[in-house]
Amino acid sequence: AKLAGAASVPNPTVTGPVPANAEPGDPSHDYPFFATTVDLASQGYVEEEFFFDGAANRYSTPALTTGSVIDGGHPYRTRMVVHRPASPDKFNGTVLLELHTLAPDYEHDAFWLYSHDHLMRRGYAWIGVSAQRLGIHQPGTGLKAWSPRRYGTLDVTEGGAILDDALWYDIFSQAAQAVRSPKGVDPMGGLHVERIIAAGGAQAANRLTLYHNSIHPLVGIFDAFFIAVGGGAIRTDLYVKIFKILTETTVAGNAVRQPDSDRFRKWEGAGSATIDLHLSRELAALQARDNVPPAVAGCDRSPFSRIPGNVVLNAALDHLVRWAKDNIQPPAAPEIELAALGPPVVIARDSFGNALGGIRLSQHSVPTATNTGVNSGPGLCSLTGSFQPFDDATLAALYADHNTYVIQVIQATLENLKAGFIVPEDAAATIYDAALSDIGRR
């Protein structure tokens with residue numbers, strides 16, 4: 001059923017699926033930008049790209065208050081990329097609709113890159129929406145420059161008349177409407193959509209926070225909000241459920257930390273970074289294939305925390321769906337401990353330099369390295385965290401033998417599983433990796 005107010009959101013005109021006329025990596029770039037490298041077919045999934053056209057309003061977005069329409073009728077054309085089950089039997093009814101983020105001047109997704117394995121094993125659909133001006137119009141790296149042949153007709157500036165992102169709110173709402181109540185072309189290929197969760201990570205998390213606070217009360221098109229590694233203060237007087245994930249990076253960067261409520265839940269991951277090793281590897285493969293310059297190089301400390309924040313994201317998503325569907329509240333989690341409130345914020349750390357408090361995955365609580373969420377240097381270095389492996393003497397002092405290490409990993413992992421911070425599949429994979437490791441073998 002439609003949510004209250006959702007009927008007021010216009011349906012855009014959807015065209016597609018837009019054929020990929022070249023294999024990913026072809027110099028013509030006549031395929032979806034950052035098309036997934038995942039073998040979707042083996043998981044019973046398909047990737048399709050659609051263009052959609054409509055007319056958007058501009059809105060005021062007063063802080064923590066419902067906005068209002070400034071004016072309307074602004075034409076736009078943009079795209080969405082759909083990863084969905086090929087069969088209705090595999091679809092769990094939930095669509096994760098993600099606002100593509102910018103890093104720094106081209107767009108990419110966060111949730112698919114972080115969690116594609118989990119999304120597919122649970123039967124979610126994921127849709128990425130291109131709605132921000134730089135992602136489409138930035139000279140050199142925007143979609144129009146990357147492939148004039150494929151994306152030359154896209155426009156979220158009304159022909160250059162609008163030079164900010166004022167139209168993105170309605171573009172995002174109308175993308176959801178096209179998925180929830182399709183007219184004409186159905187981006188979901190006839191699958192029955194039960195709920196749509198709005199998602200945004202990093203820079204897009206800040207945008208999605210504004211949307212939740214000022215636009216959602218007007219349009220009511222989403223069933224829940226999933227905000228990761230960013231986002232400011234969240235209204236909690238609305239009916240909709242919100243889950244926020246903060247990395248150690250964002251906590252150290254003076255993120256807004258609000259108390260939990262019956263509509264808001266926040267988790268913080270000790271040792272986690274906004275761009276960790278998992279995400280950096282996913283991005284690097286796409287950047288190299290699609291000839292996009294890397295955003296991380298020359299950091300002051302060895303970059304990319306090895307704490308797998310994606311496993312916490314996986315558990316949080318499942319909790320959010322149960323919360324939105326059945327009103328089963330997710331578990332609360334401890335905050336990362338602070339030595340000083342700042343600014344600047346100072347994280348409390350143990351003798352190895354690892355953060356205290358927060359969700360403590362076994363990779364952090366049974367340490368083999370110093371993993372942090374902080375770094376410095378050019379570009380996006382401040383988002384990568386840092387990694388410094390322990391030397392042999394330190395490892396030998398911590399773990400008398402391999403079994404000692406594995407037993408500690410099992411204990412920590414089962415505690416996190418019982419607490420609800422990880423899902424069974426990720427718990428099993430963590431223990432398996434520890435058993436295969438060389439830690440404690442001499």
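Quantities reported herein were computed from a predicted structural model and do not represent experimental measurements.
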Between the side chains of [X] and [Y], does any donor sit under 3.5 Å from an acceptor?
{"X": "N416", "Y": "T413", "result": "no"}
{"X": "D438", "Y": "Y405", "result": "no"}
{"X": "H118", "Y": "D426", "result": "no"}

Does atom [atom1] ([X]) have a neighbourhood of more than 12 heavy atoms from anything else shown, all under 6.0 Å?
{"X": "L436", "atom1": "CG", "result": "yes"}
{"X": "D392", "atom1": "CG", "result": "no"}
{"X": "R289", "atom1": "CZ", "result": "yes"}
{"X": "K90", "atom1": "NZ", "result": "yes"}

Only one of [options] clears side chain to side chain contact (heavy atoms under 4.5 Å, CB included) with [X]; which?
{"X": "F50", "options": "V18, T78, V185, D186", "result": "V185"}
{"X": "L113", "options": "L283, T37, T36, V38", "result": "L283"}
{"X": "R265", "options": "Q329, K244, H319", "result": "Q329"}

Report the distance from atom [atom1] of [X] to atom [atom2] of [Y], rounding to the nearest 0.5 Å.
{"X": "H364", "Y": "N354", "atom1": "NE2", "atom2": "CG", "value": "4.5 Å"}
{"X": "Q203", "Y": "E107", "atom1": "CD", "atom2": "CD", "value": "10.5 Å"}
{"X": "L96", "Y": "Y124", "atom1": "CG", "atom2": "OH", "value": "8.5 Å"}
{"X": "I196", "Y": "L97", "atom1": "CD1", "atom2": "CG", "value": "6.5 Å"}

May I ask you to decide if the ring planes of [X] and [Y] are parallel, tilted or perpendicular, using 30° and 60° as cut-offs?
{"X": "Y59", "Y": "Y169", "result": "perpendicular"}
{"X": "F33", "Y": "W146", "result": "perpendicular"}
{"X": "F222", "Y": "Y211", "result": "perpendicular"}

Applying side-chain contact (heavy atoms from CB on, under 4.5 Å), name anything that partners P303, two or more places apart in sequence or on another chain.
-> C299, N375, T384
Would you please name every residue forming a side-chain contact (heavy atoms from CB on, under 4.5 Å) with T66, sequence neighbours left out?
-> P217, L218, R235
Basic-acidic side-chain contact under 4.0 Å: K266, E335 = yes
Under the side-chain hydrogen bond (donor to acceptor under 3.5 Å, both in side chains) criterion, do S115 and N314 qualify, and how do the steps go?
-> CA-CA 6 Å; S115 293; N314 297 343; 2.7 Å; yes
side-chain hydrogen bond (donor to acceptor under 3.5 Å, both in side chains) assessment of Y239 paired with H216 = CA-CA 10 Å; Y239 66 88; H216 178 74; 3.1 Å; yes
